[in-house]
Amino acid sequence: MDDRARFEEFARLATEQRNPRTMDLDTLDVPELLARISAEDRTVPDAVAKELEHIARAVEHIVASFRSGGRLVYVGAGTSGRLGVLDASECPPTFGSEPDQVVGVIAGGYTAVVRAVEGAEDRADHGAQAMDDLEVGPEDTIVGLAASRRTPYVVSAIARARSLGARTVYVTCTPREEFTLEVDVAICPVVGPEVLMGSTRMKAGTAQKLVCNMLTTASFVRVGKVFENMMVDLLANSQKLVERGRRTVMTATGCDYAAAGHAIEAAGKSVKVAIVMLKARCSRADAERRLAAADGFVRGALGEGTAP
């Protein structure tokens, strides 16, 4: 593609259009400026809500990967890549997942998380190589994150993952009718032009963050990492999380602070096991047996049935 053709391609992108509601941005005082940004931001959740059917299909793929020992791999560049790395990094402390169960891959490597690596997003061969380096296979689900859809690094990574038999999902703010890539699921929240033309770290980034939140939270709920609406597999690796674990046990069982602490210790620091021990009035070994038989679901371990 020559320079002129590339220019015209960029000019057509939905994410590169001018927002008619913010043409006077440089004339506004601070309160007006913030109000205009806020008004645009409020449209994002509605755009994401329109994609719930497709997000649900993506969750089904991720759950299937988790249940077969596979991974969720996010791949992106710039803001999109950082959002994938962020979501992946938050899964172990939140859900007690293994560090390599949800992986974030960003063009330019981890240096690009904190400092822009110019041109990294254009290196298509690096995207494909990243999938080879991770030994992506049929048990994995690869989620491409690219506001504009056309990011060469991400497009190449997804194509390579697909050729290796992986499930593929693409999250983009390009309208569905303009989406032409071969993937299992396309998630296309159309947020419209940015407040600041082309600054996709704004509405497009917010939309992608909301989708990532849904993908991992829903998937981990479906594999037994949640009881009612509480994190029961969290890793108590900070004082805040230690206290959250105690509060979770107290809330789930009705016990007091001291009893919750004793139960967690007796359960080998497992909040989930402590809950089953207290509610079923059983030993740690019996609680662990019950949980194993229920595929990790607390409800199932208590004889209440698992989620549908």
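Between the side chains of Gln129 and Asp125, no donor-acceptor pair of N or O atoms lies under 3.5 Å. Side-chain atoms of Arg167 and Ser65 include a donor-acceptor pair closer than 3.5 Å. For the residue pair Ser199 and Arg201, a side-chain donor N or O sits within less than 3.5 Å of a side-chain acceptor on the partner.
Considering CG of Leu234 and OG1 of Thr248, their distance stands at 6.0 Å, rounded to 0.5 Å. The distance from the OG atom of Ser283 to the CD atom of Glu288 is 8.5 Å, given to the nearest 0.5 Å. The line from OG1 of Thr217 to CG of Asn229 is 12.0 Å long, rounded to the nearest 0.5 Å.
Judged as a side chain to side chain donor-acceptor pair (under 3.5 Å), and not counting sequence neighbours, Thr22 has no contacts. Taking Thr43 as the reference, Lys203 meet the side-chain contact (heavy atoms from CB on, under 4.5 Å) condition, with sequence neighbours excluded. For the side chain to side chain donor-acceptor pair (under 3.5 Å) test, residues two or more places apart in sequence or in another chain that qualify with Glu51 are Arg176. Arg67 is linked by a salt bridge (Lys or Arg N to Asp or Glu O under 4.0 Å) to nothing, counting only residues two or more places apart in sequence or in another chain. By the side-chain contact (heavy atoms from CB on, under 4.5 Å) test, Ser163 pairs with Arg160, sequence neighbours left out. A search for ring-ring contact (aromatic ring centres under 6.0 Å, His included) contacts involving Tyr257 returns nothing, not counting sequence neighbours. Looking at residues two or more places apart in sequence or on another chain, you find a side chain to side chain donor-acceptor pair (under 3.5 Å) between Asp87 and Tyr74, Thr216. For the ring-ring contact (aromatic ring centres under 6.0 Å, His included) test, no residue two or more places apart in sequence or in another chain qualifies with Phe227.
The ring-ring contact (aromatic ring centres under 6.0 Å, His included) pairs that include a residue from residues 175-210 are Tyr170-Phe179, where partners are two or more places apart or lie in different chains. For residues 97-118, the set of pairs meeting the salt bridge (charged side-chain N to carboxylate O under 4.0 Å, His left out) definition, not counting sequence neighbours, is empty. For the salt bridge (charged side-chain N to carboxylate O under 4.0 Å, His left out) condition, the pairs that include at least one residue of residues 247-271, sequence neighbours left out, are Glu265-Lys269. Among residues at least two apart or in separate chains, salt bridge (charged side-chain N to carboxylate O under 4.0 Å, His left out) pairs with a member in residues 229-246 are Lys225-Asp233, Asp233-Lys272.
Pro93 places a side-chain heavy atom less than 4.5 Å from the side chain of Leu241. A 4.5 Å side-chain heavy-atom check between Val226 and Val232 finds every atom pair outside the cut-off. Contact check for Ser80 versus Gln208: side-chain heavy atoms found under the 4.5 Å cut-off.
Ion pair Glu40/Arg36 not flagged as a salt bridge, since none of the NZ, NE, NH1 or NH2 atoms sits closer than 4.0 Å to an Asp/Glu carboxylate oxygen. For Arg290 and Asp286, the salt-bridge test passes: some basic side-chain N is under 4.0 Å from an acidic carboxylate O. A salt bridge links Glu90 to Lys209: at least one charged side-chain nitrogen sits closer than 4.0 Å to a carboxylate oxygen.
Remark: the backbone N or O of Ala146 is paired with a side-chain donor or acceptor of Thr172 at under 3.5 angstrom.
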